[in-house]
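Convention: sequence-line order gives letters A, B, ...; per-chain numbering from 1.
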2 protein chains.
Amino acid sequence: MKNDIAEILKRNQLSVTESRTKILELFHESKSALAHADIESKTDESYDRVTIYRTLQTFVEKGIIHTIPTADNSVLYALCKDECTQGKHNDNHVHFICDSCGTTFCLDHISVPEIILPKGFTTHRTDVVASGICKNCR
Amino acid sequence: MKNDIAEILKRNQLSVTESRTKILELFHESKSALAHADIESKTDESYDRVTIYRTLQTFVEKGIIHTIPTADNSVLYALCKDECTQGKHNDNHVHFICDSCGTTFCLDHISVPEIILPKGFTTHRTDVVASGICKNCR
DNA sequence: TAATAGTTTGCAACTTTGTTGCAAATATTT
DNA sequence: AAATATTTGCAACAAAGTTGCAAACTATTA
Ligand SMILES: [Mn+2]
Ligand SMILES: [Mn+2]
Ligand SMILES: [Zn+2]
Ligand SMILES: [Zn+2]
């Protein structure tokens, strides 16, 4: 397991450090999206805030994790499961945020529908974020 | 015009003040969504930051404006054109953010498609945010 | 495996964004 | 016009994010 994580880092030309390993492990263990603060607490504040910021940024650039836009404007991150690469994300799935427990899920098998835009507009990315009550909260 | 604005405020049981009038006017004049900072600059910093925060919050609560989630996590606001009321928003249209000029549009006539969620999930709101190149930038 | 070169981390200091309490100013009601 | 209710601006604070740099660590090479 720890080896798999190191593999992913190496494949992305990142040196294998304790913080990166631990943070990437967290994403693999987690069933839902994580915010900066979640990572801080789940690592017992062992890493500096700056390190976490930089790690998340690096992972996003490498196509290891993706961001999820939210209505309340907190930044959330989740593992990319599609084939995302350096600078080219491809996470065309719907996201769901529970208004009750706050958990955010990647609905990997529900893909974002094609949206037909007015003439003159070109789309590079489409985010669909649904919110409501999740299966655990009803 | 200024009278129309005052009317809207009264209809929503808000006292008609200079800052509220001016800010609501800005939204009516603007063809795109506005961020807190846009309002600050377009009003020549005549109002305190706190006043702008509170005004935006009040307008959202009253269903006069709605927020737009963004991938880069800046908060954007735009006029509600549907029949939104106190605590009940109904802005089921797609939003478009231009990667080149940053302008954010409400695509009022493009409605959010129905998303079929897994069993156990109930949706209260669905945001669709597309990004790419807008008609002015290509 | 030890030395070196390259990369990442933590700290400090700072900026930007957002929040709260409260007195003064303004708007509404009588 | 006075009384009442609401809003505003200030100050102080809290939370979130950024940057430069020396020390620590990782990878490479000999
Ligand atoms: Mn996802
Ligand atoms: Mn809109
Ligand atoms: Zn839930
Ligand atoms: Zn544009």
Side-chain angles (χ1 to χ4, degrees), chain A residues 2-3 5-26 33-62 64-65 67-77 86 102 104, chain B residues 2-3 5-26 33-62 64-65 67-77 86 102 104:
Chain A
K2 206 147 198 163
N3 263 347
I5 300 284
E7 267 317 304
I8 298 173
L9 292 172
K10 280 177 197 153
R11 194 187 316 141
N12 285 280
Q13 295 139 80
L14 294 172
S15 11
V16 179
T17 66
E18 195 196 310
S19 46
R20 283 177 181 164
T21 307
K22 182 69 197 158
I23 292 173
L24 190 45
E25 227 165 37
L26 273 184
L34 299 172
H36 180 277
D38 296 326
I39 293 165
E40 242 181 326
S41 62
K42 288 189 193 237
T43 53
D44 275 324
E45 270 108 58
S46 341
Y47 309 111
D48 195 88
R49 292 174 29 252
V50 180
T51 303
I52 299 177
Y53 280 120
R54 293 198 268 224
T55 303
L56 291 169
Q57 199 179 280
T58 305
F59 285 179
V60 169
E61 278 161 12
K62 291 291 184 178
I64 300 172
I65 61 176
T67 55
I68 302 169
T70 68
D72 79 327
N73 237 75
S74 51
V75 198
L76 294 175
Y77 303 87
Q86 168 94 256
T104 298
Chain B
K2 205 149 197 160
N3 263 346
I5 300 285
E7 266 317 302
I8 297 172
L9 293 173
K10 279 178 195 154
R11 194 187 316 141
N12 285 280
Q13 296 138 80
L14 294 172
S15 7
V16 179
T17 66
E18 195 196 309
S19 46
R20 283 178 180 165
T21 307
K22 182 69 197 161
I23 292 173
L24 191 44
E25 227 164 39
L26 273 184
L34 300 172
H36 181 276
D38 296 326
I39 294 165
E40 242 180 328
S41 64
K42 288 192 192 232
T43 53
D44 275 324
E45 271 109 58
S46 340
Y47 310 110
D48 194 88
R49 287 167 350 98
V50 180
T51 303
I52 298 177
Y53 279 119
R54 292 198 268 225
T55 302
L56 290 170
Q57 198 180 282
T58 305
F59 286 179
V60 170
E61 278 162 10
K62 291 292 184 175
I64 299 172
I65 62 177
T67 56
I68 302 169
T70 68
D72 79 326
N73 235 73
S74 53
V75 199
L76 294 174
Y77 302 87
Q86 168 92 255
T104 298

| said: Is it the case that atom CD in B:Gln13 sees more than 12 heavy atoms from other parts of the structure closer than 6.0 Å? | reply: no
| message | Using the rule given for side-chain contact (heavy atoms from CB on, under 4.5 Å), can you reason through B:Phe59 versus B:Ile23, listing the C-alpha separation, both sets of side-chain angles and the distance that settles it, and then say yes or no? | response | CA-CA 10 Å; B:Phe59 286 179; B:Ile23 292 173; 4.2 Å; yes
| query | Do the side chain of A:Asp48 and the main chain of A:Val50 share a donor and acceptor less than 3.5 angstrom apart? | reply | yes
| query | If you measure from NZ on A:Lys22 to CD1 on A:Ile39, what distance do you get to the nearest 0.5 Å? | reply | 11.5 Å
| message | If I take atom NZ in residue B:Lys62 and atom C1' in nucleotide D:dT6, what distance separates them, rounded to the nearest angstrom? | response | 12 Å
| request: Using whole Å, report how far CD1 of B:Ile23 lies from C1' of D:dG9. | output: 13 Å
| request: Quickly work out the A:Ile52 CD1 to D:dT18 P distance and round it to whole Å. | output: 14 Å
| field | pair B:Leu9-B:Leu24: side-chain heavy atoms closer than 4.5 Å | value | yes
| message | What residues from residues 33-45 of chain A pass a heavy-atom cutoff of under 4.0 Å to DNA chain D? | response | none
| field | From CA spacing to verdict: side-chain contact (heavy atoms from CB on, under 4.5 Å), B:Leu14, B:Ile64 | value | CA-CA 11 Å; B:Leu14 294 172; B:Ile64 299 172; 4.1 Å; yes
| request: Might you work through the side-chain contact (heavy atoms from CB on, under 4.5 Å) test for A:Arg20 and A:Ser15, ending with a clear yes or no? | output: CA-CA 9 Å; A:Arg20 283 177 181 164; A:Ser15 11; 3.8 Å; yes
| request: Figure out the OH/P separation between A:Tyr47 and D:dA24, and round it to whole Å. | output: 18 Å
| request: Take the protein atom CD of B:Gln57 and the nucleotide atom P of D:dT6, then report the distance between them rounded to whole Å. | output: 17 Å
Identify each atom pair where a protein N or O and an N or O of nucleotides 22-30 of chain C are less than 3.5 Å apart, giving names and distance.
from: C:dT28; atom 1: OP1; to: B:Val16; atom 2: N; distance (Å): 2.9

| Could you give the angle between the helix axes at the two ends of the helix from C:dT1-D:dA30 to C:dT30-D:dA1, with five pairs per end, rounded to 10 degrees? | 30°
| Of the candidate nucleotides C:dA12, D:dA16, D:dG9, which contains the atom at the shortest distance from the side chain of A:Val50? | C:dA12
| said: On DNA chain D, compare the nucleotides closest to B:Asn73 and B:Thr58; which residue's is nearer the 5' end? | reply: B:Thr58
| message | When you compare the side chain of B:His36 with that of B:Leu56, does any pair of heavy atoms fall below 4.5 Å? | response | yes
| message | Output the rounded distance in Å from OH (B:Tyr53) to C1' (C:dG18). | response | 5 Å
| field | Side-chain-base donor-acceptor pair under 3.5 Å for A:Arg49 and D:dG17 | value | yes
| said: If I take atom CD in residue A:Gln13 and atom P in nucleotide D:dT28, what distance separates them, rounded to the nearest angstrom? | reply: 11 Å
| Gap separating the CD atom of A:Glu25 from the OG1 atom of A:Thr43, nearest 0.5 angstrom | 12.0 Å
| query | Could you state the CG-P distance from A:Asp48 to D:dA22, rounded to the nearest angstrom? | reply | 17 Å
| Near A:Glu18 CD, under 6.0 Å, is it more than 12 heavy atoms from other residues, nucleotides or ligands? | no
| message | If we count only N and O atoms by modelled type, under 3.5 Å, do the side chains of A:Asp44 and A:Ser46 hold a donor and an acceptor together? | response | no
